[in-house]
There are 2 protein chains.
Amino acid sequence: MSEQENIIEKVRKIFTDYLQHHDFRKTPERFMILEEIYNIDGHFDIDSLYTQMKDKKFRVSKATLYNTIELLMDCNLVTKHQFGQNHAQFERSYKFKQHDHFIDVVTGDVFEYCDPRIMEIQKSVEDMFDVDIAYHSLTFYGTKRRHKRKRINQNNN
Amino acid sequence: MSEQENIIEKVRKIFTDYLQHHDFRKTPERFMILEEIYNIDGHFDIDSLYTQMKDKKFRVSKATLYNTIELLMDCNLVTKHQFGQNHAQFERSYKFKQHDHFIDVVTGDVFEYCDPRIMEIQKSVEDMFDVDIAYHSLTFYGTKRRHKRKRINQNNN
DNA sequence: ATCTCTGCAAAGGATTTGCATTGCC
DNA sequence: GGCAATGCAAATCCTTTGCAGAGAT
């Protein structure tokens, strides 16, 4: 069994347990959507997910996509991002380690990184306001540096 | 002259210079909006700003509000936040020192704090991806702690 | 058999756009 | 006076809601 199949089996299990525990129905649509999402690398939005599933001849509606993603966020299998545009982006989150984002404001490219110092800040904020933090959103916005580097025996650029 | 008047004079100057430099017109609406925003403490959205100005009998349209706020973001006089809902929130930003937010997901309350360590992370990210970061967004989401504290000779709570 | 979940379509809310008019330069 | 900026309204985009029928329990 591939690592990917292994992950999908595990998230199906998590989702099943979650649905069971909340007395929600285990409909085939919900599992199709979960599996589809876990086969997407990187970020996606509702519309692209919808188109992608329609292309595969799945019978699915946007209402169900929104509804199901809500459930998946509830059981921490999907994360939502608002990068500043008016539409949300999502991302599978099981077994894909916590990370934050850098957005290139010119190209729209998304880069990921993980810096443990954010957890230290989180701890400070929890103490400062006497709160428990469930999650955070950290995004840097900027542009690629233009290199004006001078190199000796320069061959290109 | 009060500190507040002083700030408003300065941001008017910044905005004037910006408009001049870009060959944009210095319309009275733009300065009314700027001044209105700088008299708001904390966050606001387009709708509340619109209502507030209408209540004062200003003749203004939402189209102009959106347009003007775009300009104000361009010259760093206003900051935009997307706290997760589908509508943006804004905030004056001149002379109000850089800060980030904690959102109470139950009450919707917004708390502000400033942690210099975010700049260290920013520097790392700049080096890692070879980019220049113009701004960032850091928001923590969580809830107030419930106190089960035991105190000896407890008087209140 | 019951009642949640579904797809579809309509509604809703925030933001953008089109356009005739206003008024800054 | 020319043309950018305005107000208003319509259009658009994303998301939510209403509802009749399908299907999980």
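Computed from heavy atoms alone, side chains included, the values below leave out hydrogens, waters and symmetry copies. Just so you know, these numbers come straight off a predicted model, no measurement behind them. Every chain is numbered from 1 and lettered A, B, ... according to where its sequence line falls, protein lines coming before strand lines.
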When you get a sec, tell me which of C/dG7, D/dA24, C/dT17 is the closest nucleotide to the side chain of B/A63?
C/dT17

Can you label the angle between the B/Y18 ring and the B/H22 ring as parallel, tilted or perpendicular, going by 30° and 60°?
tilted

When rounded to whole Å, the CD1 to P distance for the pair A/I33 and C/dT6 reads 7 Å

Using whole Å, what does the distance between atom P of nucleotide C/dC25 and atom NZ of B/K26 come to?
5 Å

B/D23 atom CG is separated from D/dG2 atom P, nearest whole Å, by 19 Å

To the side chain of A/S61, which of D/dT6, D/dT15, C/dG7 is closest?
C/dG7

Hydrophobic clusters here meaning ILVMFWY residues chained together by side-chain heavy-atom distances under 4.5 Å, can you tell me if B/V105 and A/L71 are in one?
no

B/P28 has its side chain closest, among C/dC24, D/dG7, C/dG7, to C/dC24

Quick one: A/I69 CD1 to D/dT16 P, roughly how many Å, whole number?
11 Å

Within the pair B/T64 and D/dA5, is there a side-chain N or O less than 4.0 Å away from OP1 or OP2?
no

Base, sugar-phosphate, or nothing: which does B/D45 touch, judged by heavy atoms less than 4.0 Å apart?
nothing

Between A/T27 and D/dG23, is there a side-chain N or O to OP1/OP2 distance below 4.0 Å?
no

When only distance counts, do a donor and an acceptor, one from the side chain of B/R25 and one from the base of D/dC3, lie under 3.5 Å apart?
yes

Distance check: side-chain N/O of A/Y66 vs OP1/OP2 of D/dT15, anything under 4.0 Å?
yes

Is the B/H43 ring parallel, tilted or perpendicular to the B/H81 ring (thresholds 30°, 60°)?
perpendicular

Among D/dA24, C/dC8, C/dT15, the one nearest B/H87 by side-chain distance
C/dT15

Linking I/L/V/M/F/W/Y whenever any side-chain heavy atoms sit under 4.5 Å apart, do A/L19 and A/L72 land together?
yes

Quickly work out the B/K80 NZ to C/dT15 C1' distance and round it to whole Å.
9 Å

Find the distance B/F24:CZ to D/dT6:C1' and express it as a whole number of Å.
15 Å

Can you confirm whether A/F58 sits close enough to A/E36 that some side-chain heavy atom of one is under 4.5 Å from a side-chain heavy atom of the other?
yes

So, does A/R30 get its side chain near the phosphate of C/dC5, meaning an N or O under 4.0 Å from OP1 or OP2?
yes

Output yes when at least one side-chain N/O atom of A/N67 is less than 4.0 Å from OP1 or OP2 of C/dC5, else no.
no

Give A/D47 one of three labels, base, sugar-phosphate or nothing, depending on what nucleic acid heavy atoms sit under 4.0 Å from its own.
nothing

Send over the distance from B/H22 NE2 to D/dA4 P, rounded to a whole Å.
16 Å

Between C/dC8 (C1') and A/Y50 (OH): distance, integer Å:
9 Å

